[in-house]
Amino acid sequence: MSTHDEDHEDLKPSTTPGYKPTAAKTAEEYANLDANDESLARWKASLGITPGAPGGDASGPKVTVLTLELHSSTLPPGKTITLDISNKAQLEDTKKNPVVIKEGVEYNVRITFKVNHSIISGARYIQVVKRAGIKVDKLEEMLGSYGPHPNGEAHIKNFEPEESPSGMLARSGSYNVRSRVVDDDGNIYADFEWSFKLAKEW
């Protein structure tokens, strides 16, 4: 199997046997669905789904992934690690100048995204890490279901903390990452690559 085929399989979201996503609806259609169900109305309001709520430009992308950030209490004061997903040059530059992650520390990933129109269901972030072409790690984190934010604000999702590898072997060479944001319907909202390396200090 080619590397491209392996990547395709690795980046597919896991599925629940027997589950079939329902047909996509607009935010307005969802807002008016079962309008007399009080508990459902509260749940929809928590997603920003209310009758007359702004639906955004339906001709543009449903979701815009803005940033991917790494957070750790061990980061020096004032230091941030943020990848601007729209900045292709920055992502490409990480191949020559990988993001530096301190070895053996707890850190977590945070993703920021905007839902521009409609509803996204079961969105998740998938990340495959390779070193010298060999897969060494895969992360799949649920983002959830969202509607467009009434004020156009971005959604922020913090993932569970994890610990970076340590040791001389872990520090040798860089790691290539393929990241994807996808939903239950198989819609891909972001697909990008970046690189990192482990070091004794941030």
Side-chain angles (χ1 to χ4, degrees), residues 1-15 61-76 79-114 120 122-144 146 154-184 186-202:
M1 183 182 282
S2 71
T3 303
H4 180 75
D5 289 339
E6 287 171 3
D7 280 353
H8 179 71
E9 285 304 309
D10 282 336
L11 290 162
K12 285 172 76 173
S14 57
T15 57
K62 230 188 205 183
V63 176
T64 305
V65 179
L66 304 170
T67 61
L68 182 74
E69 303 169 56
L70 300 181
H71 288 262
S72 175
S73 60
T74 65
L75 273 167
K79 181 174 173 68
T80 61
I81 299 176
T82 303
L83 293 174
D84 177 353
I85 306 310
S86 67
N87 188 338
K88 304 299 181 204
Q90 182 194 20
L91 295 173
E92 190 64 31
D93 185 61
T94 67
K95 292 178 183 175
K96 290 180 285 184
N97 303 295
V99 171
V100 174
I101 299 176
K102 185 176 180 178
E103 66 172 350
V105 299
E106 193 174 85
Y107 72 98
N108 74 288
V109 174
R110 173 189 289 176
I111 193 164
T112 306
F113 59 98
K114 284 178 76 171
I120 60 169
R124 62 196 76 192
Y125 172 78
I126 301 171
Q127 169 179 292
V128 175
V129 181
K130 290 187 176 182
R131 187 169 161 194
I134 298 168
K135 184 173 80 169
V136 294
D137 190 33
K138 178 180 176 178
L139 169 74
E140 183 172 346
E141 287 275 356
M142 183 59 75
L143 296 177
Y146 298 86
H155 298 283
I156 299 171
K157 177 70 175 181
N158 285 297
F159 299 154
E160 288 296 316
E162 52 189 297
E163 188 171 311
S164 57
S166 60
M168 198 160 64
L169 186 61
R171 290 197 305 271
S172 61
S174 61
Y175 297 79
N176 299 311
V177 185
R178 177 89 177 267
S179 295
R180 178 175 284 181
V181 176
V182 61
D183 70 9
D184 278 343
N187 297 308
I188 298 170
Y189 301 121
D191 192 351
F192 57 97
E193 295 182 46
W194 55 287
S195 300
F196 71 88
K197 66 180 180 180
L198 297 164
K200 288 188 175 181
E201 296 299 333
W202 287 102

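Ring centers of Tyr125 and Phe159: under 6.0 Å apart, within the cut-off.
Applying the side-chain contact (heavy atoms from CB on, under 4.5 Å) test to Leu66 and every residue at least two apart in sequence or in another chain returns Thr64, Thr112, Lys114, Ala154. By the salt bridge (charged side-chain N to carboxylate O under 4.0 Å, His left out) test, Asp84 is found to be paired with no residue, residues two or more places apart in sequence or in another chain being considered.
Residues Trp194 and Leu68 have side chains in contact (heavy-atom distance under 4.5 Å, counting atoms from C-beta outward). In this structure, Val105 and Trp202 have side chains that are in contact, with non-hydrogen atoms separated by less than 4.5 Å. Using a 4.5 Å heavy-atom cutoff, the side chains of Val177 and Val128 are not in contact. Using a 4.5 Å heavy-atom threshold, the side chains of Tyr175 and Leu198 count as touching.
Atom NZ of Lys200 is separated from atom CE of Met168 by 9.0 Å, given to the nearest 0.5 angstrom. Rounded to the nearest 0.5 angstrom, Phe192 CZ and Lys88 NZ are separated by 8.5 Å. Rounding to the nearest 0.5 Å places CG of Asn176 at 12.0 Å from CD1 of Ile134. Here the straight-line distance linking atom CG of Asp184 with atom CZ of Arg124 works out to 5.0 Å at 0.5 Å rounding.
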- Message: Please determine whether side chain to side chain donor-acceptor pair (under 3.5 Å) holds for the pair Arg110 and Thr82, giving the CA-CA distance in whole Å, both sets of side-chain angles, and the decisive distance to 0.1 Å.
- Response: CA-CA 9 Å; Arg110 173 189 289 176; Thr82 303; over 6 Å; no

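Annotation: Lys102, atom NZ; neighbour count of heavy atoms from other residues, nucleotides and ligands within 6.0 Å is above 12.
Checked options Ile85, Ile188, Ile111; the residue passing with Val181 is Ile111 (criterion: side chain to side chain contact (heavy atoms under 4.5 Å, CB included)).
Scanning all heavy atoms of the two residues, the minimum distance from Glu141 to Glu160 falls at OE2-N, 3.8 Å.
Side chain of Thr67 to main chain of Glu69: no donor-acceptor pair is present (N/O by atom type, distance under 3.5 Å, no hydrogens or angles).
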